[in-house]
Amino acid sequence: MASQAVQHAAEAFPQTQELKTHNHLIDDKAALDAAWEQDGYWFFRDVLDKAAVARLRQSWIDELERNRVIDPVGSSATDKSVAYNGGSLETFPFRMEPIAAKRPWVQFVAEQPINAFFTRLFKDDPFWVPVVEYRATPPQQDRTKSRIDAIHQDGPFSPGIPFRICWIPLAEIDADIGGLMLAEGMAADRVSYHPKVEGGSNGAIPLDAIPADRWRRTTYQAGDVLLMNLWTPHTGLANRSDRFRLSMDHRVMAKGDKCPLVGIIEDISESHVVIRNAQGEHRLTIDPETYVRNTVGQKLNGTAITDFHTIGREVIIAYDGDRASVVRPPH
Ligand SMILES: [Fe+2]
């Protein structure tokens, strides 16, 4: 009985419906904008050049081979993902720091067909915010745990940066592999569903805050891309397959949007920050409402600001006039 109850709790997640596809709206800016508000996402099926996605995926495959958690792939296809071979995950870099250090996104977004797709979509050059998560998620080890990672909206963690979340599956992600699941039609009012917890950080969104019939996902394929509104609640769904889940989570805007400053910290205190980038030096004030944050989205206050954000590190700053509204690290 007890084990059945555990099994039930671990499997329990809302029934999901199929994501809409928005391919037919490309080139119709008004319809795209309306869908962005109403649906809270754009899902484009089979629009990214598969050879470019395969070149990007190779960084993940190389890293998995180096960690001996997959068998050598040789010349076999990897677009349906790769099987976990049961190798030790003790030293596995779950946040893929070795890939992050190589910044493979830079080459990917510069590939002609990739750049052409986003330029056509925005009718403007894309501006890639260097906030990138590289994920190679192995099968969930503790299957008594919930399949839902953490329901959240990105908006309350980066107030004032109007970027679009750009989630790119690098290989097939089916229902067993899990991956991204989102709540449709909950972004238009820009309501934060996060309870505020101590220190001004955002607590996790409880499952029952989202109507059960809103959840959407699909079987994602290499070549698909999901752009998501900052106010759309979403979560990862644990991997219950025998394969790795391979994806890249990026942020993009149109050049003409109000893009954040990206630069290297030259000076910082609890009340100001100075950064330098190709355009020169920028000085901004920090006040108690500025969402200065760390890598996991916690708001930093007082001396925690200068303990975490130090001179010489890269930082992303959203601003109003000369006041910083968000100060965040890239990763
Ligand atoms: Fe997210």
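Both ligands and their constituent atoms are indexed starting at 1 by order of listing.
- Looking only at N/O/S atoms, H234 comes nearest to the Fe ion (ligand 1) through NE2.
- With a cut-off of 2.8 Å, the Fe ion (ligand 1) has no N, O or S atom of D249 in range.
- Classification of the H22-H24 ring pair by plane angle, with boundaries at 30° and 60°, yields parallel.
- Remark: H282 pairs with no residue by the ring-ring contact (aromatic ring centres under 6.0 Å, His included) rule, at least two apart or across chains.
- Checked against side chain to side chain donor-acceptor pair (under 3.5 Å), K258 has no partners two or more places apart in sequence or in another chain.
- The N, O or S atom of D154 with the smallest distance to the Fe ion (ligand 1) is OD1.
- The side-chain hydrogen bond (donor to acceptor under 3.5 Å, both in side chains) test with R57 is passed by exactly one of D62, D79, T78: T78.
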